[in-house]
Amino acid sequence: MAVAAPEVGLDYRRGMSLPPVADAAIEVALEGADRPRSPVPKVVGILLLVFGGLGLVVNLRGLLAVAGTAELFRDPAWRHVIRVQQVDHAVSLAVAALQVYAGFRAVTYRQNAPRMAALYAWTSILTTVALLAYAYLVALPALDALAGARALIGAGMMFAGLLAIAWPIVVLALMSRPAARAACSNPF
């Protein structure tokens, strides 16, 4: 008497034949398995760490450099410009520290990574706009006594402001995507 061979199903994901019972067991086991994570939080996190680290170094150096310009405080035309630079470097140092923290959270796929990235982005955008508004309303009018300095410094501040706002907008756009939010599921 011949024994009938068991019915064999084809598992297309793996390209091999499995008995129907094993195929059903694999489906049940894979049902709760982790899906592939979006690489967006890791990539954005690495860039946040790099740019945040550079921001820490550059702004710390800027604070030290501005502190060495005490002789310019005697000139009333430059007093407001130097004050804007001091405030800008101090605030940017804090924003860079927040950026590094958000980067660490994003690289490790923590649950609060999208919130930290959004907090960094909005903080950076709002502080940049506030500093530019102060510079244009207070510091630049004080430079009227110096002929070409106002136009040159004003153009430089506008260009720097646009660059300073571009990266936070990219972070906000990428980390707000549903795939990036779903990938950040690590609670610790």
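Closest of all the heavy-atom pairs between Arg115 and Gln111 is NH1-O, 4.4 Å. The nearest pair of heavy atoms linking Ala183 to Pro41 is CB-CG, 4.1 Å. The shortest non-hydrogen separation linking Ala121 to Pro168 is CB-O, 3.3 Å.
In the hydrophobic clustering of this structure, Val171 groups with Phe51; members are Ile, Leu, Val, Met, Phe, Trp, Tyr whose side-chain heavy atoms approach within less than 4.5 Å, directly or through other members. Criterion: ILVMFWY side-chain heavy atoms under 4.5 Å apart, direct or through other members. Under it, Ile169 and Leu126 are not part of a common hydrophobic cluster. When hydrophobic clusters are built by joining Ile, Leu, Val, Met, Phe, Trp and Tyr residues whose side-chain heavy atoms come closer than 4.5 Å, directly or via intermediates, Leu172 is not grouped with Val95. In the hydrophobic clustering of this structure, Met175 groups with Val170; members are Ile, Leu, Val, Met, Phe, Trp, Tyr whose side-chain heavy atoms approach within less than 4.5 Å, directly or through other members. If you chain together hydrophobic residues whose side chains sit under 4.5 Å apart, Tyr109 and Val40 never meet in one group.
Checked options Val58, Val57, Leu63; the residue passing with Leu93 is Leu63 (criterion: side-chain contact (heavy atoms from CB on, under 4.5 Å)).
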Using the side-chain contact (heavy atoms from CB on, under 4.5 Å) rule, take Leu48 and Val100 through it: C-alpha gap first, then chi angles, then the decisive distance, then the call. CA-CA 6 Å; Leu48 284 168; Val100 168; over 6 Å; no
side-chain contact (heavy atoms from CB on, under 4.5 Å), that's the test. Do Thr123 and Leu119 meet it? Break it down for me. CA-CA 6 Å; Thr123 303; Leu119 178 66; 3.9 Å; yes
Step by step, work out the side-chain contact (heavy atoms from CB on, under 4.5 Å) result for Val129 and Ile165. CA-CA 9 Å; Val129 168; Ile165 289 175; 4.0 Å; yes
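Annotation: the span from Ser38 atom OG to Leu174 atom CG amounts to 9.0 Å, rounded to 0.5 Å. Going from atom CG of Leu131 over to atom CD of Gln85 covers 11.5 Å, rounded to the nearest 0.5 Å. A distance of 6.5 Å separates CG in Leu132 from CE in Met158, rounded to the nearest 0.5 Å. In this structure, Tyr101 OH and Met116 CE are separated by 6.0 Å, a value rounded to the nearest 0.5 Å. In this structure, OG on Ser185 lies 4.5 Å from CZ on Arg37, to the nearest 0.5 angstrom. To the nearest 0.5 Å, the span separating CZ on Arg105 from SG on Cys184 amounts to 10.0 Å.
Counted within 6.0 Å of CZ on Phe104, heavy atoms from surrounding residues, nucleotides or ligands total 12 or fewer; the atom is thus considered open.
Two residues are said to be in side-chain contact when any heavy atoms from C-beta on lie closer than 4.5 Å; Pro114 and Arg181 meet this criterion. Counting heavy atoms from C-beta on, the side chains of Trp167 and Leu47 come closer than 4.5 Å.
No donor-acceptor pair under 3.5 Å is formed between the side chain of Ser124 and the backbone N or O of Tyr120.
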